[in-house]
2 protein chains.
Amino acid sequence: MAVNKYSRQREAIKEYLAHTKEHPTADTVYMNIRATYPNISLGTVYRNLNLLAEQGEIIKLNCQDGSDRFDGNVKPHYHFLCNNCGRVHDIEMESIDHINKIAGAGFDGKIEGHVTFFYGVCPDCMRNE
Amino acid sequence: MAVNKYSRQREAIKEYLAHTKEHPTADTVYMNIRATYPNISLGTVYRNLNLLAEQGEIIKLNCQDGSDRFDGNVKPHYHFLCNNCGRVHDIEMESIDHINKIAGAGFDGKIEGHVTFFYGVCPDCMRNE
DNA sequence: ACATATATAATAACAATTACTATTATTCAT
DNA sequence: ATGAATAATAGTAATTGTTATTATATATGT
């Protein structure tokens with residue numbers, strides 16, 4: 001696979017991810033794209049999601065609940081998993097890259113970065129209680 | 001399943017995890033336990049790993065490479081995933097719970113905790129380069 | 001418009017995990 | 001110790017999430 005050729009399906013996936021904050025799974029993406037492309041194949045969805053993630057156009061989240069989810073927002077930000085409804089929210093916050101140094105203090109290897117998930121109760125679920 | 005009954009298999013799994021720092025996958029646990037219990041079933045391994053994790057006797061790590069790994073060390077500590085060899089190491093370090101506050105500043109929900117994975121090059125791989 | 005290469009849909013294959021079931025082991029009361 | 005009650009097991013089948021295959025369709029450069 002040398003150079004990308006345009007495809008409506010891939011474009012639709014990118015477009016869909018750019019306009020949702022839902023952090024959908026591959027299957028959810030599939031369901032939603034089918035509204036416009038009724039016979040898109042699930043394989044196509046998987047292939048394009050992975051392709052886009054490799055190229056840095058989207059982010060593949062290895063969620064703490066075990067599922068893989070996708071995020072069209074590639075600006076650095078953190079994620080929050082609601083223990084109640086299971087949804088993933090974005091968190092805009094100042095950098096916490098200093099924790100790499102803290103970790104490095106007790107470790108002989110080279111720490112290049114970290115992945116952090118916060119969890120708790122999301123705003124929506126707090127209201128409904 | 002009302003109350004736990006003793007089983008040698010479960011005990012062996014707990015014992016094995018208590019004495020390794022390998023952060024094995026379910027399949028690796030299976031392989032190792034078979035040395036002593038040649039016809040333990042893979043289902044038994046999965047069932048007990050999840051049971052023990054639910055009861056807080058071991059920890060189930062949802063690793064960044066997508067795999068689930070298990071850790072017999074339940075004392076609070078962090079984990080490091082080597083990008084080179086793929087192994088997971090423990091990191092003993094001071095608490096970074098203050099990042100929960102930082103995250104909370106930009107978020108309306110309730111932040112109860114976080115899960116962090118560090119990544120980079122482990123000590124072993126640094127030597128062999 | 002044509003040649004070449006990539007992408008697709010549909011399906012099959014695959015790996016990781018869970019569910020099922022008949023049998024075995026543990027527990028507890030006698 | 002014996003036996004009844006129940007949880008755990010081994011072995012297998014089923015399910016799920018994901019990737020590979022292949023013939024056809026689509027996009028790109030000349």
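In what follows, chains carry the letters A, B, and so on, assigned in the order in which the sequence lines appear, proteins first and then strands, with residues in each chain numbered from 1.
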Nearest-Å distance for atom pair [atom1]/[atom2], residues [X] and [N]:
X     : N      : atom1 : atom2 : result
A:N62 : D:dT18 : CG    : C1'   : 14 Å
A:I40 : C:dA9  : CD1   : P     : 5 Å
B:D65 : C:dA15 : CG    : C1'   : 15 Å
B:I13 : D:dA10 : CD1   : C1'   : 13 Å
B:N39 : D:dT9  : CG    : P     : 13 Å
A:R34 : C:dT8  : CZ    : P     : 16 Å

Q) Are B:F117 and B:I59 in one and the same hydrophobic cluster, where Ile, Leu, Val, Met, Phe, Trp and Tyr link if side-chain heavy atoms are under 4.5 Å apart? A) yes
Q. Which heavy atom in B:L17 sits nearest to a heavy atom in B:V29, and how many Å separate them?
A. CD2-CG2, 4.4 Å
Q) Of all heavy-atom pairs between A:E57 and A:V74, which one has the smallest distance, and what is that distance? A) O-CG1, 3.5 Å
Q: Find the distance between CD1 (A:I58) and CD1 (A:I13) and round it off to the nearest 0.5 Å.
A: 8.0 Å
Q. Nearest 0.5 Å, what's the NE2-CD1 distance between A:H79 and A:I91?
A. 9.0 Å
Q. How large an angle, rounded to 10°, do the end axes of the helix from C:dA1-D:dT30 to C:dT30-D:dA1 enclose when each is built from five base pairs?
A. 40°
Q | B/S/- contact track for nucleotides 18-30 of chain C, protein heavy atom under 4.0 Å | A | B-------BS---
(Q) Can a donor-acceptor pair be found, under 3.5 Å and without considering hydrogens, that links the side chain of A:R69 to the backbone of A:H23? (A) yes
Q: With sequence neighbours excluded, give me every salt bridge (charged side-chain N to carboxylate O under 4.0 Å, His left out) pair touching residues 15-25 of chain B.
A: none
(Q) Can you tell me if B:Q9 touches the phosphate of D:dA10, counting only side-chain N or O atoms and a distance under 4.0 Å to OP1 or OP2? (A) yes
Q: Could you list by number each residue of residues 23-32 of chain A showing a heavy-atom separation from DNA chain C of less than 4.0 Å, or answer none if no residue does?
A: none
Q. Starting at the 5' end of DNA chain C and moving along, which residue's nearest nucleotide shows up first, A:P38 or A:R10?
A. A:R10
Q. Side chains of B:D27 and B:T25: do they bring a donor and an acceptor to under 3.5 Å?
A. no
Q: Just do the side chain to side chain contact (heavy atoms under 4.5 Å, CB included) check on A:N100 and A:H114 with the steps written out, would you?
A: CA-CA 7 Å; A:N100 294 345; A:H114 68 266; 2.8 Å; yes
Q. By the rule that ILVMFWY residues connect when side-chain heavy atoms come within less than 4.5 angstrom, directly or transitively, which residues belong alongside A:M126?
A. A:V121
Q) Quick one: ring pair (Phe, Tyr, Trp, His ring centres under 6.0 Å) partners of B:Y16, sequence neighbours excluded? A) none
